[in-house]
Amino acid sequence: MADYTPQSIEQKWQARWTASGAFEVEVDRSRPKFYCLEMFAYPSGHAHVGHVRNYMIGDIVARLKRMQGFNVLHPFGWDAFGLPAENAAIKNKLHPETWTLANIAHMKGQLQRLGISYAWGREIATCLPDYYHWNQWLFTRMLEKDIAYRRRSSVNWCPSCLTVLANEQVIDGACWRCGTQVTTRELEQWFLRITQYADELLDATAGLSAWPEKVLTMQQNWIGRSTGVQATFPLVDPVGPLASGETTRGLEIFTTRIDTIYGATFVLLAPEHPLVDAYLAGPEHAAKREVVAKFRAQDRLARMSGEVEKEGVDTGRFAINPFTAERVPIWVANFVLADYGTGAIMAVPFGDQRDFEFAKKYGLPIRAIVAPAEGDSVDPKAVDPATMSEAFAGYGRSIDSGPFSGLPSKDAWQKMADHAEAKGIGTRSTQYRLKDWGISRQRYWGTPIPVVHCPVDGIVAVPDEQLPVELPKVKEFTGQGDSPLAHIADWVNVSCPKCGGPARRETDTMDTFVDSSWYFYRFCDPKNNALPFSPEAVRYWGPVDFYSGGVEHAILHLIYSRFFCRVFRDLGFVDHDEPFARLLTQGMVLKDGHVMSKSKGNVVDPDDMIQKYGADALRLYVMFVAPPEKEVEWNDSGLEGSFRFLARVWRAVEPLSETLRGASPASFAGLDLDDAHRALRRKTHQTIERVSGDLYPRAHLNTGIAALMELVNELYAFTDKIGVTKQGRLTGVELGPATRAVLAECLEALVLMLSPFAPHMAEELW
RNA sequence: GCGGAAGUGGCGGAAUGGCAGACGCGCUAGCCUCAGGAGCUAGUCCGGGCAACCGGGUGGAGGUUCGAGUCCUCUCUUCCGCACCA
């Protein structure tokens, strides 16, 4: 009997799979398709077992679906643009492309040594012009449809390094490299109008029944729709013109609690609100301006450090509450956000905890406007402005609210909104937390934004036939300056595509999340050089049936992709609304209680484990240790256990394979089965049912493996009885036809069911 | 603060409302062996009993049900996400 030696078996089969292109697929309308995808990888250098767990999960599903007769698309590629490559370039004086391509080569080898069944013929890397060409093409379409637009926005700027910083490079408000306090700079930047799809993106989450609840909730919160009323508080001292050029007679506020407007005893402006500068312009306000300037600087730090004391500045001016007709003071408050709603709020200290604290601190009036509902056992002192210690944010019955007094709060809400609309005071309005997506990056290693700035024609898109705008080769990376591309004169200076006059290229590049927002479509038609993909190819393959990856992409990547899907749909390129039918978020692999990372020195390299136990044992262990969604702690003896199980399967199957060749019967009719025969058959068939059910769509891979282990235990009990030795040899016993048939059926089923998990060994035994 | 998920042996974890702890790790004993860090067999929630078996047991307290780890209410704890969103 040959021992189980995984290394030689695995190399043999991997070579065959590669040579025969075993996992390459074409459109075949006679067969049902299955698109199995794992989130593509950032080529950081070496994949550890935490990374490859995801690829194993996808591979089990892909191999299972192939066995079930589906035409399975299972591709892989590289999310290859991004900051780490540029940083490595600065540090090692290498070109980012050199660094990136070397990493890709190594990681691809790692995946192949794991036996992941990818259609490598469809491999893509987003940093190659073949791919980013279509980012540019799509950007141009978005420009035409007014989905891409330009406006001023602030970026992080390190005054010492003289460079723009990504948010990740700002640590506690300071530059990651030199520790200098980071400031902001206003730059013209490109945005994608994702908010145009906010309602659809939110409402459609209800239909994503095969997504984790957690991810849907996170997306819903991120989009953050709230419905309310936008109302105008007339200004006692109209101002104008403002920086924006217009005159202002009234202050626009947004509220979700219009029913409490009779309790709005003051209004608050965000420090960045244009009225602030208008009201605090004179030299007598220098001190107040200084406080406001402090608020503006606070904003960025507040996010990092958490709690900031609520503070305000009195502008000394007044607005008119349109419902009470009373004068209410206008204050500036550090906790009011400029980029949500209108950047100004009506403050109702009775009903809002923040306003309550603010009113207490500055001695502003508190007026009770809601009484607790009947049956609410609320201490009267808790709703008496004289004695209450916190705001009463509940609903109940309106009081002291003019003609609306006595109404239940919810009815008052509608009536007051109606009143506001009838009197021209305000309108019902919906606000979102979701912001348009700023995609400009002042970086080299990304997709050049395909526009030209012409002094005559303004912004001109680079014509399709001149795409791709390729990244110029840069010799040296210093990390200094704004956009690295701005310093390459012969790349920047072009003639305007419209008038032919001298013009300059856009020197910003795109956020790398653009690359990953549609790559799953490119896989359907990766060699297309006329379009990002043919609509026919995606009509067959799309949408992705099974998508797995880390939960850290629950918000950004998975919302952007849903957004791009709809853009492509509206361009007539895809006919579905959602790109990913089923989503699985795999748990991380911890070592010594921590996430694996190079800096912690706790990474487990799959190649080390393959060398010791083989890829099959590694795959089996990682799938068996816990359900795929769960976080797991790495454990060497568990891996040994999986190796032992495979060796046990090997000893059960390999010695009998010659003896039982051709023994699998077409029918069991006429065979004389005893109780032991029947018991093994029953177990075999029960296992088939359990494993089939566990693997998909449940993806309970761990219990599927447990079922196989039970079958093997039963099999050993059976072979013991019929005289197979512990070493797997038959002790001269002649096997009867019933025994041969039952054994052959069991062993074949076992090998087949094992093959998604341990494909190399299964192939060899088969 | 808001939202989500989860609490089951020494450990990882199983249980369409129907025998709690499958399967594995670890541990114990036996067999095999020159040897075992290989392999095989048996045992391994707690209390009682030689045993068949009996009683208890899924963070805590109630409830629904013939029957609850599972469903409902309250509560405690942990992890995760968002966090001054008006």
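Labels below follow one simple rule: chain letters A, B, ... track the order of the sequence lines, proteins then strands, and each chain is numbered from 1.
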Quiz prompt | G-U wobble or Watson-Crick pairing nucleotide for B:rU41 (cut-off 3.5 Å, both distances) | solution = B:rA29
Quiz item: With a 3.5 Å cut-off and no angle check, do the side chains of A:Gln353 and A:Glu390 form a donor-acceptor pair?
Solution: no
Quiz prompt | C1' gap between B:rC11 and B:rC19, integer Å | solution = 25 Å
Self-check item: Pairing partner (Watson-Crick or G-U wobble, both distances under 3.5 angstrom) of B:rA35
Solution: none
Quiz item: When the ring planes of A:His557 and A:His553 are compared, do they come out parallel, tilted or perpendicular, using 30° and 60° as the limits?
Solution: perpendicular
Quiz item: Please give, in whole Å, the distance from B:rA86 C1' to A:Asp352 CG?
Solution: 6 Å
Quiz item: When the ring centroid of A:Phe513 is compared with that of A:Trp437, is the distance short of 6.0 Å?
Solution: no
Quiz prompt | Between B:rG18 and B:rG13 - C1' atom distance, rounded Å | solution = 22 Å
Self-check item: Base-pairing mate for B:rG24 - Watson-Crick or G-U, with both contacts under 3.5 Å
Solution: B:rC11
Quiz prompt | Atom-pair distance (CG on A:Leu701; C1' on B:rC23), nearest Å | solution = 14 Å
Practice problem: Specify the separation, in whole Å, of atom CZ of A:Arg433 and atom C1' of B:rC84. | Solution: 12 Å
Quiz item: So, A:Ser561 versus A:Tyr547: side-chain donor-acceptor pair below 3.5 Å or not?
Solution: no
Exercise. Take nucleotides 6-14 of chain B nucleotide by nucleotide from the 5' end and write B, S or -, depending on whether a protein heavy atom sits under 4.0 Å from the base, only from the sugar-phosphate, or from neither.
Key: ------BSS
Practice problem: Figure out the CE/P separation between A:Met588 and B:rC80, and round it to whole Å. | Solution: 9 Å
Quiz prompt | B:rC71 - base-pair partner by Watson-Crick or wobble geometry, distances under 3.5 Å | solution = B:rG63
Quiz item: Does any non-hydrogen side-chain atom of A:Gln686 lie less than 4.5 Å from one of A:Glu714?
Solution: no
Exercise. Nearest whole angstrom, please: distance from the C1' of B:rG3 to the CD1 of A:Ile555.
Key: 11 Å
Quiz item: Just to confirm, is there a sub-4.0 Å distance from OP1 or OP2 of B:rU41 to any side-chain nitrogen or oxygen of A:Asn713?
Solution: no
Quiz prompt | Opposite nucleotide pairing with B:rG3, Watson-Crick or G-U, both atom distances under 3.5 Å | solution = B:rC80
Quiz prompt | B:rC31 to B:rG36 separation - C1' atoms, rounded to the nearest Å | solution = 14 Å
Quiz item: At under 4.0 Å between heavy atoms, what does A:Val336 touch on the DNA or RNA strands: base, sugar-phosphate, or nothing?
Solution: base
Quiz item: Would B:rG9 be called syn or anti, given that syn covers angles within 90° of 0?
Solution: syn
Quiz item: What integer number of Å spans the P atoms of B:rC46 and B:rG1?
Solution: 40 Å
Self-check item: Interatomic distance, A:Phe643 CZ vs B:rG24 C1' [rounded to whole Å]
Solution: 16 Å
Self-check item: Main-chain N/O of A:Met588 paired to A:Glu631 side chain as donor or acceptor, under 3.5 Å
Solution: no
Exercise. Nearest-nucleotide wise, let me know which of A:Ala717 and A:Ala706 is further upstream toward the 5' end of RNA chain B.
Key: A:Ala706
Exercise. Would you classify A:Gly224 as touching base, sugar-phosphate or nothing, given that sugar-phosphate means primed atoms plus P, OP1 and OP2, and contacts are heavy atoms under 4.0 Å?
Key: nothing
Quiz item: Between atom CD in A:Glu689 and atom C1' in B:rU16, what is the gap in whole Å?
Solution: 12 Å
Quiz item: Do A:Tyr621 and A:Asn635 meet the criterion of a side-chain donor-acceptor pair at a distance under 3.5 Å?
Solution: no
Quiz item: So, do A:Leu558 and A:Trp211 sit near enough that their side-chain heavy atoms are less than 4.5 Å apart?
Solution: yes
Exercise. Is it possible for you to check whether A:Arg648 lies under 6.0 Å from the centre of the six-membered ring of A:Tyr4, through NZ or CZ, and within 45° of that ring's axis?
Key: no
Self-check item: Separation of the P atoms in B:rA6 and B:rA15, to the nearest angstrom
Solution: 13 Å
Practice problem: Taking atom C1' in both B:rC79 and B:rG57, compute the distance separating them and give it to the nearest angstrom. | Solution: 26 Å
Quiz item: Can you check whether A:Thr217 has a side-chain N or O nearer than 4.0 Å to OP1 or OP2 of B:rG81?
Solution: no
Self-check item: Nearest-Å distance once atom C1' is located in both B:rC25 and B:rG9
Solution: 13 Å
Exercise. Could you let me know what B:rC50 is paired to, Watson-Crick or G-U wobble, both distances under 3.5 Å, or none if it's on its own?
Key: none
Self-check item: Which residue lies more 5' along RNA chain B, comparing A:Thr255 with A:Gly638 via nearest heavy atoms
Solution: A:Gly638
Exercise. Compare side-chain N and O positions of A:Arg644 against OP1 and OP2 of B:rC25 and report whether any pair is under 4.0 Å apart.
Key: yes
Exercise. Answer with yes or no whether A:Lys310 presents, from its side chain, a donor or acceptor under 3.5 Å of a partner atom in the base of B:rC84.
Key: yes
Quiz item: Taking everything shown except A:Lys410 itself, do over 12 heavy atoms lie less than 6.0 Å from its NZ?
Solution: no
Practice problem: Rounded to the nearest angstrom, tell me the gap between atom OH in A:Tyr613 and atom C1' in B:rA38. | Solution: 13 Å
Quiz item: Quantified in whole Å, what is the P atom distance between nucleotide B:rG47 and nucleotide B:rC82?
Solution: 46 Å
